[in-house]
Amino acid sequence: MNNDPQRLQKVLAQRGIGSRREIEAWIAAGQIEVNGQTAVLGTKVTDADRITVQGRLVPVGVEEHRFILYNKPEGLICTRSDPQGRITVFSKLPQLNKLRWVSIGRLDINSSGLILFTTDGELANALMHPKANIEREYAVRVLGTVTQPMIQRMLRGVTLEDGTKAKFTQIKAAGGTGANVWYHITLMQGRYREVRRVFETQGLRVSRLIRIRYGPFVLPKDLSEGKFLELDYDKYKTAFNQP
């Protein structure tokens, strides 16, 4: 049991309740109580304190933290629940008793491949923070003829339909002919449908997209869709400077 007082948002993030930013917003909105009292920014707690978030009791994090690599199939969404009743990735993950899974990045419903999940919200935040400089690599099947001028434009940077700028850091041909031409694309950020949208600026369409790498994590060739691989939580917690 942890008897050293720590900031409330840090404790809840470590237990996988949410990101620090989300938790700070809940505190500011008066949605978190500690021992029956409304918490404020700066509140510190120990494992002996009774914490409720939006009226729900937060269990003491007695489970060991976990870290997994999941091979997402197409057709699943990456939110916890869906008003349309579509299947989410969270329904396919190993069941937990008291902690909860936090996704590290997302893939849209028509994309597949590598997604990382951990029960440690702080580790998830460290792996998604811009200062981590995490590369994302995708295998993409492109419909249309990709010319060298197009490649140069996508490497220099293009303007998307919403006015934002985006670019790839690397584009490598990966084989195929006709309607089955593949490329490996690397970029530093992971905005919604960004790879598809960059190609669309050149009049091209991505017909398949598979994330094959996230920083140092590579999708194993023998990991079937819908399966997961348990990673060494302690190793990566240390590697990404989590105390």
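Computed from a predicted model, the values in this text were never measured in an experiment. Each residue takes its place number in the sequence, starting with 1.
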Main-chain N/O of [Y] paired with [X] side-chain donor or acceptor, under 3.5 Å:
X: Thr238; Y: Asp234; value: yes
X: Asn71; Y: Gly226; value: no
X: Tyr138; Y: Leu187; value: no
X: Asn180; Y: Thr177; value: no
X: Trp101; Y: Pro94; value: yes
X: Arg196; Y: Val206; value: yes
X: Arg213; Y: Gly215; value: yes

Within 6.0 Å of CD in Glu161, more than 12 heavy atoms from elsewhere |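 It does: Glu161 CD has more than 12 such atoms within range.
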So does Arg191 have more than 12 non-hydrogen atoms from other groups sitting under 6.0 Å from CZ?
->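 Yes.
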Test Arg156 against Lys167 for side-chain contact (heavy atoms from CB on, under 4.5 Å), laying out the working first.
-> CA-CA 6 Å; Arg156 285 196 305 268; Lys167 68 177 183 178; over 6 Å; no
Is [Y] close to [X] at the side-chain level, that is, under 4.5 Å between some pair of heavy atoms?
X: Val146; Y: Ile151; answer: yes
X: Met154; Y: Phe199; answer: yes
X: Ile115; Y: Ile104; answer: no
X: Leu76; Y: Lys92; answer: yes
X: Ile32; Y: Thr38; answer: no
X: Leu209; Y: Val195; answer: yes
X: Phe228; Y: Leu69; answer: no
X: Gln31; Y: Val53; answer: no

For [Y], is there an ion pair with [X] - N to carboxylate O distance below 4.0 angstrom?
X: Arg50; Y: Glu33; answer: no
X: Arg136; Y: Glu194; answer: no
X: Glu200; Y: Arg205; answer: no

Do you know which two heavy atoms are closest between Ala166 and Leu160, and how far apart they sit?
->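 Here Ala166 and Leu160 meet closest at CB-CD1, 3.9 Å.
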Ser112 and Leu107: which non-hydrogen atoms are nearest, and at how many Å?
->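 In terms of heavy atoms, the two residues are closest at O-CD1, 3.4 Å.
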Common cluster, [X]/[Y], ILVMFWY with side-chain heavy-atom separation under 4.5 Å:
X: Val181; Y: Leu155; answer: yes
X: Val11; Y: Val58; answer: yes
X: Val34; Y: Leu41; answer: yes
X: Met188; Y: Val198; answer: no
X: Ile134; Y: Val102; answer: no

Full working for side-chain hydrogen bond (donor to acceptor under 3.5 Å, both in side chains) between Thr119 and Arg66 = CA-CA 6 Å; Thr119 55; Arg66 294 175 65 182; over 6 Å; no
Decide yes or no on side-chain hydrogen bond (donor to acceptor under 3.5 Å, both in side chains) for Asp162 and Thr164, but give the supporting numbers first.
-> CA-CA 6 Å; Asp162 61 359; Thr164 59; 2.6 Å; yes
Check Lys10, Arg20, Arg7 against Glu122 for a salt bridge (Lys or Arg N to Asp or Glu O under 4.0 Å) and give me the one that passes.
->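 For Glu122, the salt bridge (Lys or Arg N to Asp or Glu O under 4.0 Å) check succeeds only for Arg20.
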Cut-off 3.5 Å, side chains only: do Asp108 and Tyr192 have a donor facing an acceptor?
->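 Looking only at side-chain atoms, Tyr192 and Asp108 do not form any donor-acceptor pair under 3.5 Å.
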Examine Tyr183 together with Phe168 and report whether their ring centres are nearer than 6.0 Å.
->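 No: the rings miss the under 6.0 Å criterion.
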With a 6.0 Å cut-off on ring centres, are Phe67 and Phe217 close enough?
->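 Judged by ring-centre distance (under 6.0 Å), Phe67 and Phe217 do meet the cut-off.
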Any chance you could lay out the side-chain contact (heavy atoms from CB on, under 4.5 Å) test for Thr147 and Met150, step after step, and finish with the verdict?
-> CA-CA 5 Å; Thr147 66; Met150 289 177 180; 3.2 Å; yes
Would you list the atom pairs, donor with acceptor, under 3.5 Å between side chains in residues 81-88 and any protein atom, with sequence neighbours excluded?
from: Asp82; atom 1: OD1; to: Arg86; atom 2: NH2; distance (Å): 3.0
from: Asp82; atom 1: OD2; to: Gln84; atom 2: N; distance (Å): 3.2
from: Asp82; atom 1: OD2; to: Gly85; atom 2: N; distance (Å): 3.2
from: Asp82; atom 1: OD2; to: Arg86; atom 2: N; distance (Å): 3.0
from: Asp82; atom 1: OD2; to: Arg86; atom 2: NE; distance (Å): 3.0
from: Thr88; atom 1: OG1; to: Phe90; atom 2: N; distance (Å): 3.3
from: Thr88; atom 1: OG1; to: Ser91; atom 2: N; distance (Å): 3.4

With ILVMFWY side chains joined below 4.5 Å, transitively, what does Ile109's cluster contain besides itself?
->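 For the cluster that includes Ile109, the remaining residues are Ile77.
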